[in-house]
Structure formats: C-alpha cells, structure tokens
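Below: the structure, in structure tokens.
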Amino acid sequence: MVPTVPIVPLPRLSLDSSDPVQRWYENELGWATVPGPPVRLVTGLRFDVLEVPAEAGYAALRHLGPASPVALQGNRMRLLVAAGSADELPGLLDWLEWGALPLDLTAIGAGESIEAPLPPGTAGAPRSSGMPVLLAVPENSQGAAVWLRPPEFGREVEPSLPTLSAVGGGGGAPDLVRLVDTMATQCHRVRLRRAYAQPLAFS
C-alpha cells in the first residue's frame, strides 16, 4: 500500500511579507503559509500532521529520525509525516486493528493548516542544540505552538518524514506503520488511565 500523492507545484514564495515568522517559513523552508496572526502552515503540500496528546506522542519519538520535525501546542503534540499520510490513516488504523476504538489521534492533511510554531532562535522559542530535543510541555500550555524538534534550515524536510513507502524497504525514511501503531497504543493507554481516574457514579 503506497500512497499516491498528486504532483503539486511548490507555493510561490512571499518576498515582501512584513511578518518575520511568515517570511522565515516561506523564504527559508519553502513552506506555504496563511497570513496571521497567528501565521498558519498549509498542510497536504510538503507534509501532513498527526496530532495526539503529548503524553502519547513522547513514546512515539523513538520511531522518528533526529531531523523529523515535531511541535507542541498546549498538551498536544504534532508530528510531521509525509504528504498523503492523512488520507491513509483510517485504512492504516483498520489494518492495525485500531479502527473500531475511539482514539485521540487526528490527521491534518490537504486543505487544512496548523498554527506555525515560532522559528528557532526567536524570542519565546526553545533553542535547539542540534541533538534530539526532549522538552516538557511548555509552561504556557494553552499558548502558542513551539517546536520540540524544529525543521533544519538548509535541509529538505521530506526525506526525514515517516512514510508508508518505508514499510519493508531499505529507505532512510522512518516507518509510518510503526509510528501510528505506537501512537494508537499510547492514546488507548491514556484513554484507559483517564477513564479509571474518573470517580465512579452511583445512582
């Protein structure tokens, strides 16, 4: 099962944007944006996004390469995956036998967008040391999106993103199946833990 992604021309870069965040994403990374505030990143062109509770997402980070971008917003983690993955998610969950369970796992793909995390090095953005970053959920847990693992300037993001084409292959991209299976397992555990933490209701 290899996703078929339509050939979409890269977005035109905005050279005259007055917003430094929008300018950084469009001119430095070549990512399409929607003007803000806040600036938003268009999904479905260069990447899709899988969003889960942060506590479930941390367990899945081991399935990502060190250059695979990951963001946090509030208590939610957003993992960038190959474009077209959002369309594959329902079938993939069914194949992994997770489809019948209510999971707090959302796919964001073509025609959608996410809030753009602050670029690395800007005020309020976490600094990257070049090593995989593992941070606690930021104190402003209801605030702006921040990069947990920022995209690397001057490096193409697509080859580092989890993809279905990596299944059983020798490619360098992480395996989307293992990533989704781990996140589904952790989402289910989080759901069960929260359910057991609820006080019992007696009539």
Side-chain angles (χ1 to χ4, degrees), residues 1-3 5 25 28-31 41-93 95-96 98 103-109 112 114-120 125-138 145-190:
M1 174 168 53
V2 177
V5 181
Y25 281 108
E28 302 298 333
L29 297 180
W31 291 1
L41 302 176
V42 177
T43 55
L45 298 177
R46 303 284 297 273
F47 56 84
D48 287 350
V49 173
L50 298 181
E51 183 181 284
V52 292
E55 58 184 306
Y58 279 109
L61 293 181
R62 70 180 185 272
H63 295 302
L64 298 177
S68 228
V70 178
L72 287 170
Q73 183 166 22
N75 61 358
R76 307 287 294 175
M77 184 177 287
R78 292 173 175 162
L79 299 91
L80 273 61
V81 294
S85 299
D87 292 335
E88 298 290 340
L89 183 63
L92 183 53
L93 288 172
W95 183 72
L96 291 167
W98 286 110
L103 300 173
D104 193 4
L105 171 55
T106 305
I108 306 168
E112 300 180 87
I114 60 167
E115 182 176 328
L118 292 173
R127 298 185 181 276
S128 173
S129 62
M131 298 187 61
V133 184
L134 292 176
L135 302 175
V137 176
V146 295
W147 284 115
L148 181 63
R149 290 179 175 177
E152 295 183 11
F153 169 67
R155 181 173 179 171
E156 284 294 316
V157 170
E158 287 86 344
S160 70
L161 299 181
T163 175
L164 275 176
S165 63
V167 178
D175 184 347
L176 182 65
V177 174
R178 288 191 180 96
L179 177 68
V180 168
D181 194 35
T182 299
M183 287 196 299
T185 301
Q186 295 303 319
C187 284
H188 186 55
R189 287 178 179 165
V190 168

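In what follows, residues are counted from 1 in the order of the sequence shown.
Val180 has its side chain out of reach of Trp98: every pair of non-hydrogen atoms, C-beta onward, lies at least 4.5 Å apart. Using a 4.5 Å heavy-atom cutoff, the side chains of Leu41 and Tyr25 are in contact. Taking the side chain as every heavy atom from C-beta outward, Thr163 and Leu176 never approach each other to under 4.5 Å.
Counting all heavy atoms, side chain and backbone alike, Arg76 lies closest to Glu51 at NE-OE2, 3.1 Å. In this structure, Val70 and Met77 approach most closely via the heavy-atom pair CG1-CG, 3.6 Å. Closest approach of Pro151 to Leu29, counting heavy atoms only: CG-CD1, 3.6 Å. Across all non-hydrogen atoms, the minimal contact from Trp95 to Val177 is CZ3-CG1, 3.8 Å. Here the closest heavy-atom approach between residue Leu161 and residue Pro69 is recorded as CD2-CD, 3.8 Å. In plain terms, the two heavy atoms of Leu64 and Pro162 that are nearest each other are CD2-CG, 3.3 Å.
Rounding to the nearest 0.5 Å gives a distance of 12.0 Å between CZ of Arg78 and CG of Leu50. Here the NE2 atom belonging to His63 is positioned 8.0 Å from the CG atom belonging to Asp181, to the nearest 0.5 angstrom. To the nearest 0.5 Å, atoms CG (Leu96) and CG (Leu89) are separated by 9.5 Å. Glu88 CD to Leu164 CG: the interatomic distance, rounded to the nearest 0.5 Å, is 5.5 Å. Atoms CG and CG, from Asp48 and Leu79 in turn, are 12.5 Å apart once rounded to the nearest 0.5 Å. Taking OG1 of Thr182 as the reference point, atom CZ of Arg62 lies at 4.5 Å (rounded to 0.5 Å).
In this structure, Gln186 contributes its side chain and Met183 its backbone to no donor-acceptor pair below 3.5 Å.
Residues satisfying the side chain to side chain contact (heavy atoms under 4.5 Å, CB included) criterion with Val190, sequence neighbours excluded, are Glu55, Ala56, Arg193, Arg194.
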